[in-house]
There are 2 protein chains.
Amino acid sequence: MARAGLTAESVTRAAADLADTVGFENLTVSALARSLRVKDPSLYSHIRSLQDLRERVALLAAGELADRIAAAVAGRAGFEALAAFADAYREYALACPGRYAATQIPLAPAVLAASAAYARTVELTHAMLRAYRLSEPDLTDAGRLLRSAFHGYVTLEANGGFSHSRDVRASWERALLALHTLLENWPTDPSPHAADGGEP
Amino acid sequence: MARAGLTAESVTRAAADLADTVGFENLTVSALARSLRVKDPSLYSHIRSLQDLRERVALLAAGELADRIAAAVAGRAGFEALAAFADAYREYALACPGRYAATQIPLAPAVLAASAAYARTVELTHAMLRAYRLSEPDLTDAGRLLRSAFHGYVTLEANGGFSHSRDVRASWERALLALHTLLENWPTDPSPHAADGGEP
DNA sequence: CTACGCTTCCTAGAGATACTAGGCAACAGC
DNA sequence: GCTGTTGCCTAGTATCTCTAGGAAGCGTAG
């Protein structure tokens with residue numbers, strides 16, 4: 001029988017494409033084997049399990065996302081960098097919903113540490129924030145808030161969470177402007193009210 | 001054989017509890033039947049399908065979440081209301097991860113319209129924002145950004161997306177303060193660069 | 001060019017799950 | 001106690017993950 005010439009990489013890419021088409025939660029070994037004109041067990045020469053396949057797609061997608069963000073923010077600073085970062089993030093999530101969903105699965109700390117892709121996104125966030133002249137721990141706090149806002153927005157948008165008639169793209173533009181304002185006025189002094197008051 | 005006395009409601013509650021225990025993605029008809037000491041097909045007298053079960057859990061959880069938020073913001077305004085809203089949101093998501101995950105599945109517009117739970121969360125957001133004296137479309141834009149930030153933060157937190165050593169709770173407090181500052185200085189004038197310029 | 005070995009892909013099959021069809025027995029109303 | 005409805009059951013189908021073991025393609029050495 002003619003060989004299909006599969007490799008772990010080509011299988012992972014095919015899985016990512018399939019996930020973008022049918023949704024990440026519908027990515028199955030059977031469906032992937034069908035799309036590659038191969039029987040299910042053949043794939044287990046290249047992947048260890050469905051979970052392993054999902055993690056490979058996650059790492060592939062995280063790398064692609066980091067690449068796009070890096071290209072978008074290159075040579076920009078301030079609001080331009082913020083908007084470029086955010087638009088690259090959102091466009092990737094909307095154009096590649098299966099790949100993006102893959103990046104959100106919980107990964108074992110060992111897997112996460114072994115791959116640079118996730119750390120690179122965090123570093124890119126910090127690099128973009130340097131223009132706002134924040135120092136730790138504000139840098140980490142602001143980075144977490146930004147990534148939360150981006151991730152939350154695109155997932156709510158993708159899942160139909162914004163049912164109001166207001167244009168979603170217009171809201172996004174305003175949100176970026178608002179986040180820019182937020183970063184320029186980041187409250188850096190210890191807050192005026194004791195949120196977690198002074199027990200010893 | 002003695003009857004188990006199941007109803008659609010009791011089955012849904014048991015499903016929500018199971019989802020909180022084993023994770024929403026591991027909520028299966030078989031596992032639910034086992035936890036109820038019943039055979040799989042017995043559940044199909046009360047639910048139409050696994051998808052139907054998931055939607056019931058989603059609506060149950062959305063109602064519970066709205067209730068908690070409503071109780072938290074009652075009688076508060078300004079930053080107090082914002083913090084109460086956000087803390088109620090985050091604490092529900094962390095205490096009931098399966099229920100919270102259920103609220104994020106895409107629902108058919110008809111299902112969504114037939115239930116008040118989701119609309120109530122949006123209304124609560126708007127009510128909380130009234131103290132900041134925003135008017136449309138800023139109200140919708142700010143509400144979307146807030147919900148995005150809350151949702152993004154708790155999902156990233158729950159999925160281990162915050163690996164930095166900085167305390168996650170402390171970052172959350174600072175994020176709330178930053179959002180409060182943002183809402184007080186919301187950039188309401190048509191932005192300095194023509195995002196969607198002045199066609200007639 | 002043949003023989004060897006490695007890898008790839010296969011068939012066969014076990015175990016789990018979603019769901020349907022159809023039956024029997026438990027409860028409610030009379 | 002009888003009857004009708006309802007709830008839970010057994011039996012069975014189709015799909016999916018994953019393993020065991022076999023055969024055939026491919027590179028290489030003689």
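Everything quoted here is computed from the prediction, not taken from an experiment. First the proteins, then the strands, lettered A, B, ... as listed; each starts at 1.
- Spacing between atom NZ of B:Lys39 and atom P of D:dC8 amounts to 13 Å, rounded to whole angstrom units.
- If you measure from atom CD1 of B:Ile47 to atom C1' of C:dT17, you get 13 Å, rounded to the nearest angstrom.
- Straight-line distance from the CG atom of A:Leu50 to the C1' atom of C:dA16: 14 Å, rounded to whole Å.
- Within the 4.0 angstrom heavy-atom criterion, no nucleotide atom of any strand lies near B:Asp40.
- No side-chain donor from either of A:Asp167 and A:Trp172 sits under 3.5 Å from a side-chain acceptor of the other.
- Side-chain proximity of B:Val38 to D:dT19, C:dT20, D:dC9: nearest is D:dC9.
- Nearest nucleotide to the A:Tyr44 side chain, out of D:dT17, C:dC19, C:dT11: D:dT17.
- Of the residues in residues 5-35 of chain A, those placing a heavy atom less than 4.0 Å from an atom of DNA chain C are A:Gly5, A:Leu6, in numerical order.
- Between the side chains of B:His151 and A:Thr155, at least one donor N or O sits under 3.5 Å from an acceptor N or O.
- Regarding A:Leu43, its CG atom lies at a distance of 14 Å from the C1' atom of D:dT19, rounded to whole Å.
- Listed by first then second residue, pairs satisfying ring pair (Phe, Tyr, Trp, His ring centres under 6.0 Å) with a partner in residues 104-142 of chain B read B:Tyr132-B:His180, not counting sequence neighbours.
- Atom CZ of B:Arg54 is separated from atom CZ of B:Phe24 by 5.5 Å, given to the nearest 0.5 angstrom.
- Rounded to an integer number of Å, the gap from B:Arg48 CZ to C:dA18 P is 17 Å.
- Listed nucleotides: C:dT8, C:dA21, C:dC10. Nearest to the side chain of A:Pro41: C:dC10.
- Remark: B:His46 is not in phosphate contact with D:dT6, judged by side-chain N or O atoms under 4.0 Å from OP1 or OP2.
- Among the nucleotides C:dT20, C:dC9, D:dC18, the one closest to the side chain of A:Ser45 is C:dC9.
- Going from atom CG of A:Leu43 over to atom CG of A:Asp52 covers 11.5 Å, rounded to the nearest 0.5 Å.
- Judged by distance alone, with hydrogens and angles left aside, the side-chain atoms of A:Asp20 form a donor-acceptor pair with the main-chain N or O of A:Arg99 at under 3.5 Å.
- For the pair B:Leu145/B:Leu182, a side-chain contact is recorded, criterion being any heavy-atom separation below 4.5 Å from C-beta on.
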